[in-house]
Structures are given as structure tokens and as C-alpha cells.
K.L.:
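Sharing a structure here in C-alpha cells format.
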2 protein chains.
Amino acid sequence: MKSQPKSIACELCVSRKFSLFAGVSDQHLCHITDNKNFISHKKGQILFYEGTKPMGIFCINEGIVKVFKTASNGKEQIIRLAQKGDFLGYTSLLGEESYSSSATIVEDAKICFIPRESFLKVLSDDTAFHQRVTKAICNDLGIMEEKLTDATQKSIRERLAFTLLKLSETYGIDGQEGQKIDIVLTREEIAGLVGTATETVIRLLSEFKKDELIDFEGKKIIVLDKKGLARLSDFYG
Amino acid sequence: MKSQPKSIACELCVSRKFSLFAGVSDQHLCHITDNKNFISHKKGQILFYEGTKPMGIFCINEGIVKVFKTASNGKEQIIRLAQKGDFLGYTSLLGEESYSSSATIVEDAKICFIPRESFLKVLSDDTAFHQRVTKAICNDLGIMEEKLTDATQKSIRERLAFTLLKLSETYGIDGQEGQKIDIVLTREEIAGLVGTATETVIRLLSEFKKDELIDFEGKKIIVLDKKGLARLSDFYG
DNA sequence: TTAAAAAGCTGACACATATCAGCTTTTTCA
DNA sequence: TGAAAAAGCTGATATGTGTCAGCTTTTTAA
């Protein structure tokens, strides 16, 4: 959790090219480099808690972070999984409110913290950047509308199938037999992603395996039959 | 659906004071007034369909509009109810994508359509306005995260109780016995708001009535016991 | 005014999913 | 290395909610 010696300059950061910072001028990038804080995080560490005040934004250089809300029954609803190039906490910062969700490390991560003022300065100086940020947030809103609709109108089986497809899109690497979802998630985390109970995920996953839609390789899931999962994820499919 | 003679100038529009346009300079407002289109809509009319391209934004002067997604089972998930001063369709416009949801009139409405170029011009000229828009979108994202978590982790009874409380906050008018939710929604629409089946809403509402939490006055709902509903809407409350 | 359509309501029923409990396996860390 | 903790798994059970069907009441519009 302490600042590392091997900080990466934004100008040279490879992950930046996948991020909203792609296209920002070197001058602005230097300003950020001078003010940011590079920190290595281990799996399980907490980035921020729901309800606390954002002092800046986080930018992922490497690793995976889960963003989640804790429901009143104690269960975690995972809002999204963030990876290299993704920003964290900027919606709460720009919304001028406390963090609406918490964030913890799922896979060891290197993350830069950019203080509020530096971020806001670039945002106000670089109109094109502000526009890209606005666009990204609007797209996220569309995604959330979709998620809400799925949550209320689809069955758990459908949502789990859909979640597996999405995971394989993002983290899938091709192998000889199907596509491996190259990220380690506990059954509880998958449940948090889908919005259901852990036991239900366990049961449905072993059902999917029995039906030869998926297979397990260690803690990782292999998607054997994308079309089958797609059929399942649709209504009455 | 045709342009009306009695168009209102933005500078003089009372609803504007509750909107994101509050604070925009008269010069910009005039520019919008010159380019906008004022249209009266009757209950049931459609403003836009999910999947079509936004050509501008809608600004509500009067009336109520429901924004919803149609799920693959044909049911409507209502994302939000919009009223005077609210913008519609701007997230899709700014996200440079098709409408992520549809919108229809719930109560007779007067709505201005502001063409894409006019809106974007004000957005780029007036930085403070852009900031307010960004802030509003970020706040909406936080709300959607909350809704998603509620949808997956709370029971229908809890969500209905919560929905009634929210409706009474927004549309409530005080009477001698409790607060009247002064908006006519069908049971089906309440179901769409909660994310459940119409029959379930009917059953739960009559249960709430039996428990003297609410009462009916014509097609409108009277909230008799806010605290009782609040207790119900919490987990195991 | 009246027929048709929409909305509201109720009962019966099925079942997907949450919960609880107990167990095994894997992982963690002292 | 070995004990404790976490994760994974399975079975039994309860129940909330969706679905279907049929009916009444209200609203709409011809």
C-alpha cells in the first residue's frame, strides 16, 4: 500500500493507450506524472470504501479490481470488474458525492492515484478529454440500464450464462478445447456479479458442466459452447 | 405531435429554473429558443424508441414521461419517471449511441425538442453547464448502482414499499389523512417500476392496504404510514 | 349509448431460488 | 509442516413470486 520506487510516467504508460487519457497532450500528462502516486496492491486489499469522500481518481496500470456495493443483507453486488486503463472513482468525484461503491483488488494490481486538483485541471483545460469522459459515463449509464432490466426480468440461469459469456469476451484466451476465462473468481464473487446466492452459482455451474457448456481447469472456467450459453442467456432460449 | 403556436421562450420558462439550464446565459438561451421545437403530447404518445438515433434532446416543460426498456419477455422495466425541468435522451446523444431506452408520456406533457447542434454548442461554449451536466450524469450512475443492488438483493415486497416511499417524496401532496401520491400509474406501470409481475403488485398493494400502510383514493395511492413502509423496505425490517 | 378494450382482481398452482446445515477440499499463514 | 480458515460442494426444505385462467370493473372510443 506504500508508494513504490518504480513509478511509471504517464507519457510512457502502455495501459494509458487503452484509457481515457489516450490523446491527452504530453504537457498535461507530465503534470499528472508529477502529481500522481504509484502504488502496488495485493489481492484482497481495499482501494476505497463506499460512503467515504473521493480525494482523486484511480487509474489502473495492471491488475483487476472489483467495484461493488454491499447490500443490507451483507452480500456484495459487483457493479463491474475494472482492468488496465480503467478509471475508478471518477464518477463519485465528478458527482461531488461520497463513493457510491467500494473497490478491492481481485488480481495483484499497480494503480496510480491522481489527486483531485490535477484531474480536474486536465478536465477543464482539455475539452476533448472532458468530452471523452462524458461519453464514457453516458455509455456506462446505458450499460447499467441494461443490467437493471436483466436483473429484474431474467432468471438466474440466464444471467449466469450471460455473465460467463461476458467474462469470456473480456478475459477469454483461446485454447485447444474452448476459451479459457483467464481470471480467478471465487464462486462467491461470481454470485456477486450475477446477483444471486453462492450455492446457486455452484449448482448451476456444475449443471452447465454436466451439459458440456463449460469445463473447469483448476479455478478457471473453460467455455466450451458459446452458442449454447447464448441460447441459455436469452429468454426461454 | 405537431408544433404548437404557444411556444415558450427558454429565457421565460419557469420549468427551466429546476433544470440543468438554470444558470445558462440569456444569449445561449436565445439561441436555443430560436432553434427548439415546442410540442404538446397526450398521454400514451411515444417520444422515442429504444434503438433509434437521437437527433437532439427533449426538455420537459410540463407533464410526466416514463423512460423504460423492454425486456426480452416483453415486460417494461421503467428506468425513471421524468418531470418538468428534466432532460431526456441526452445520455444517448452524448454517448454517441442509439437510445438505450424508450420514452412515452404518462401525463399530458409539453416538451421542447432541442436539436443536437444547438445543445452541443451550448455544451461546448458554457463550461459550467457542461460541468453541471457531467455532475448530473454521475449522480444518475450512483442511483443506478443502488437500483441494481436493490433489484438483486431485496425482495419484491421491500422494493414495492421503497418505490411507494420514493413516489410519495416526488409526487406526494399532504392531505388530512396521510400523503397522496398525485400521479396516476397503472398496476402494470408500478410493476415496471419495481421490476415484477402486475399480479404481484396488485396482491402486495392490497396487503399493504389491509395493514393500513396505504389507502386508495380513486386511482391514486395515499401513504398512511411512512415509517411502516420504511421498515418494510429495509432488509428484514 | 353501448360495445370493445383495458385494467383490476382473485385463486390455483408450479417451481426457481434462498436458506440452513453439514461435510470435504483447498488455501493460508504462523 | 500442520492447524485454522476459506472455499467448495451437496442435500433437504421452505417459500416468494411468476404464470395461467377466469372473472369483474373501469375506461375508451365508435
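Values reported hereafter were calculated over all heavy atoms of this structure, with side chains retained and with hydrogens, waters and symmetry mates removed. In the text below, chain A, chain B and the rest are named by the order of the sequence lines, each starting its count at 1.
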K.L.:
Among the candidates D/dT10, C/dT10, D/dG18, find the nucleotide nearest to the side-chain atoms of B/A197.
P.N.:
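For B/A197, the side-chain atoms sit closest to D/dG18.
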K.L.:
So B/I156, base contact, sugar-phosphate only, or nothing? Heavy-atom distance under 4.0 Å.
P.N.:
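The answer is sugar-phosphate, as B/I156 gets under 4.0 Å only of primed atoms, P, OP1 or OP2.
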K.L.:
With axes from five pairs an end, tell me the bend angle of the helix from C/dT1-D/dA30 to C/dA30-D/dT1, nearest 10°.
P.N.:
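It comes to 60° between the two terminal axes.
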K.L.:
How do B/T152 and B/T186 order along DNA chain C: which one's closest nucleotide is nearer the 5' end?
P.N.:
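Nearer the 5' end of the strand: B/T186.
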K.L.:
What integer distance in Å separates B/E188:CD from D/dT27:P?
P.N.:
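Whole-Å distance recorded here is 16 Å.
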K.L.:
Tell me if the aromatic rings of B/F38 and B/F113 count as close, with their centers under 6.0 Å from one another.
P.N.:
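Here the rings of B/F113 and B/F38 have centres that are no less than 6.0 Å from each other.
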K.L.:
So what does A/K43 hit on the nucleic acid, given a heavy-atom distance under 4.0 Å: a base, only sugar-phosphate, or nothing?
P.N.:
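No contact.
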K.L.:
Pairing donors with acceptors under 3.5 angstrom, does anything connect the side chains of A/S100 and B/E145?
P.N.:
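Checked: A/S100/B/E145 side chains pair up, N/O donor to acceptor below 3.5 Å.
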K.L.:
Less than 3.5 Å apart, any donor N or O on the side chain of A/K226 or A/Q179 sitting next to an acceptor on the other?
P.N.:
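Short answer, yes.
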K.L.:
Strictly by modelled atom types, are A/S155 and A/E158 linked by a side-chain donor-acceptor pair under 3.5 Å?
P.N.:
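The answer is yes; a qualifying pair exists.
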K.L.:
Does the C/dT19 base have a donor-acceptor partner in the side chain of A/R203 within less than 3.5 Å?
P.N.:
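Such a pair is found, so the answer is yes.
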K.L.:
Is a side-chain donor-acceptor pair under 3.5 Å present for A/S101 with A/E50?
P.N.:
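Side-chain D/A pair, A/E50 to A/S101: absent.
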K.L.:
Can you tell which of C/dA18, D/dT17, C/dT10 lies closest to the side chain of B/S206?
P.N.:
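The answer is C/dT10.
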K.L.:
Between C/dA7 atom P and B/K219 atom NZ, what is the distance in whole Å?
P.N.:
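B/K219 atom NZ is separated from C/dA7 atom P by 8 Å.
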K.L.:
Could A/R80 and A/F87 be counted as a cation-pi pair, given that NZ or CZ must be under 6.0 Å from the ring centre and within 45° of the axis?
P.N.:
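A/R80 over A/F87 ring: no.
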K.L.:
Quick check for you: among C/dT17, D/dT17, D/dT10, whose closest atom lies nearest to any side-chain atom of B/R157?
P.N.:
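Looking only at heavy atoms from C-beta outward on B/R157, the closest nucleotide is D/dT17.
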K.L.:
Between the base of D/dT26 and the side chain of B/R187, is there any donor-acceptor pair under 3.5 Å?
P.N.:
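By the distance-only test, no, there is no pair.
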